[in-house]
Amino acid sequence: MPSSAEPRTSSATGGVQSLERAFDLLERMADAGGEVGLSELATSSGLPLPTIHRLMRTLVASGYVRQQPNRRYALGPRLIRLGESSARLLGHWARPYLARLVEETGETANMALLDGDEVVYVAQVPSRHSVRMFTEVGRRVLPHTTGVGKALLAQAPDEEVRAILARTGMPAATEKTITTPDVFVDALARVRASGYAVDDNEQEIGVRCLAVPVPDSPTAAAISISGPAGRVTEEATERIVPLLKEIATELSAALAASAPAAPPA
């Protein structure tokens, strides 16, 4: 969460200041968990209360924010449609990069986002092997059971991770699933140190997954490859992880550009 009280954008960029401020407030609300009071927004944004109140009235009237009975403000339902459309586009932009992963590793490639307390898969390019892993785009899973979940949560502070685990619980998908917060937090420390995450038969017996975060993504995102444990071996991991990191960096640069380009052949 941003600690600075300075607005994230400025009219010096050539934009409309009120629009920039409105989007800044929406992002600060999201950073705060989706519900805030005016005084909290004033503290974090540095804007005067009358300015915030005027902007929030406009956002409420448009349906992008709603005022709760306790007078606090929450992100509104009209944002859901925007988020779903944006996630589909993000998956579309990622497909050429996932296709390159499949081409170079032979395994199924995925992209996933953290949506609330769950992981949602937004893109996939399947392996050409007859025995391959398949995850339906749009599928939601709990983050503690997957490599992409570990890669995503490794970007969050431990206290935030523990709060998510407390809300979701840690049910076992297999006998290999991590089911205690302390062990999972230790696993995330190893992810941060190595730069990649492993799902070793934790979501499905016989399946291994390698995942890395997409650095500086506009929303927390991770890409992965998954395949039979007999193919995604420790030896294969040494070859695949550098490629995953390379492609994640290239995808990050494309997402930061105004018009994402396909990766070089």
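Source: prediction; values computed, not measured. When a residue number appears, it is its place in the shown sequence, counting from 1. The figures here come from the full heavy-atom set of this structure, side chains too, leaving out hydrogens, waters and symmetry mates.
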| field | Interatomic spacing from NZ in Lys245 to CG in Leu243 - rounded to 0.5 Å | value | 12.0 Å
| field | Ser252 side chain vs Pro215 backbone, donor-acceptor pair below 3.5 Å | value | yes
| Student check: side-chain heavy atoms of Pro171 and His144 closer than 4.5 Å | yes
| said: Any non-hydrogen side-chain atom of Tyr73 less than 4.5 Å from a side-chain atom of Leu38? | reply: yes
| Out of curiosity, Ile52 CD1 to Arg21 CZ, how far, rounded to the nearest 0.5 Å? | 9.5 Å
| query | What distance separates Thr58 OG1 from Leu19 CG, expressed to the nearest 0.5 Å? | reply | 11.0 Å
| query | Hey, are Asp24 and Arg28 close enough for a salt bridge, meaning a charged N less than 4.0 Å from a carboxylate O? | reply | yes
| query | Got Arg66 and Gln68 here, is their nearest side-chain heavy-atom distance under 4.5 Å? | reply | yes
| query | Has the side chain of Glu238 got a donor or acceptor atom that lies under 3.5 Å from a matching backbone atom of Glu235? | reply | no
| request: Taking Ser45 for its side chain and Leu47 for its backbone only, find out whether a donor-acceptor pair lies under 3.5 Å. | output: yes
| said: Taking Arg139 first and then Glu118, would you say they form a salt bridge - that is, a charged N and a carboxylate O separated by under 4.0 Å? | reply: no
| Distance (rounded to the nearest 0.5 Å) between Thr174 OG1 and Glu202 CD | 7.0 Å
| remark: Between Val191 and Ala154 the two heavy atoms that sit nearest each other are CG1-CB, 3.6 Å
| query | Do Leu165 and Phe184 have side chains that get closer than 4.5 Å, going by heavy atoms? | reply | yes
| query | Does Glu103 come within less than 4.0 Å of Arg128, counting only side-chain N to carboxylate O? | reply | yes
| note | Here the pair of heavy atoms bringing Met111 nearest to Leu251 is CE-CD2, 4.1 Å
| Within a radius of less than 6.0 Å around CG of Asp186, do more than 12 heavy atoms belonging to other residues, nucleotides or ligands occur? | yes
| query | Are Tyr121 and Thr146 side-chain neighbours, meaning at least one heavy-atom pair lies under 4.5 Å? | reply | yes
| Electrostatic pair Glu35:Arg72 at N-O distance under 4.0 angstrom | yes
| said: Quick one, Glu107 with Arg208, criterion salt bridge (charged side-chain N to carboxylate O under 4.0 Å, His left out). Give me CA distance, side-chain angles, the key distance, then yes/no. | reply: CA-CA 11 Å; Glu107 305 299 344; Arg208 292 188 87 233; over 6 Å; no
| field | Inter- and intrachain pairs under salt bridge (Lys or Arg N to Asp or Glu O under 4.0 Å), touching residues 151-171, at least two apart | value | Asp117-Arg167, Asp158-Arg192, Arg162-Asp182
| message | Looking at Glu250 and Arg100, is there a salt bridge between them, counting it only when a charged N and a carboxylate O are closer than 4.0 Å? | response | yes
| message | With side-chain contact (heavy atoms from CB on, under 4.5 Å) as the criterion, how do Ile223 and Val214 come out once you've worked through the C-alpha distance, each side chain's angles and the decisive distance to 0.1 Å? | response | CA-CA 7 Å; Ile223 60 172; Val214 178; 4.0 Å; yes
| message | Is the shortest side-chain heavy-atom distance between Val125 and Thr108 below 4.5 Å? | response | no
| task | Kindly say whether Val198 contributes a backbone atom to a donor-acceptor pair with the side chain of Lys150 at under 3.5 angstrom? | result | yes
| said: Checking side chain to side chain contact (heavy atoms under 4.5 Å, CB included) between Ile240 and each of Thr105, Val212, Leu101, Thr233, which is the one that passes? | reply: Thr105
| Do Gln124 and Leu98 have side-chain heavy atoms sitting under 4.5 Å apart? | no
| query | For Thr145 and Gln203, does a side-chain donor sit closer than 3.5 Å to a side-chain acceptor? | reply | yes
| task | Report yes if the side chains of Gln155 and Leu152 come closer than 4.5 Å at any heavy-atom pair, otherwise no. | result | yes
| request: Flag the pair Asp115 and Arg140 as a salt bridge only when some basic side-chain nitrogen lies within less than 4.0 angstrom of an acidic carboxylate oxygen. | output: yes
| field | From CG (Leu41) to NE2 (His53), nearest 0.5 Å | value | 12.0 Å
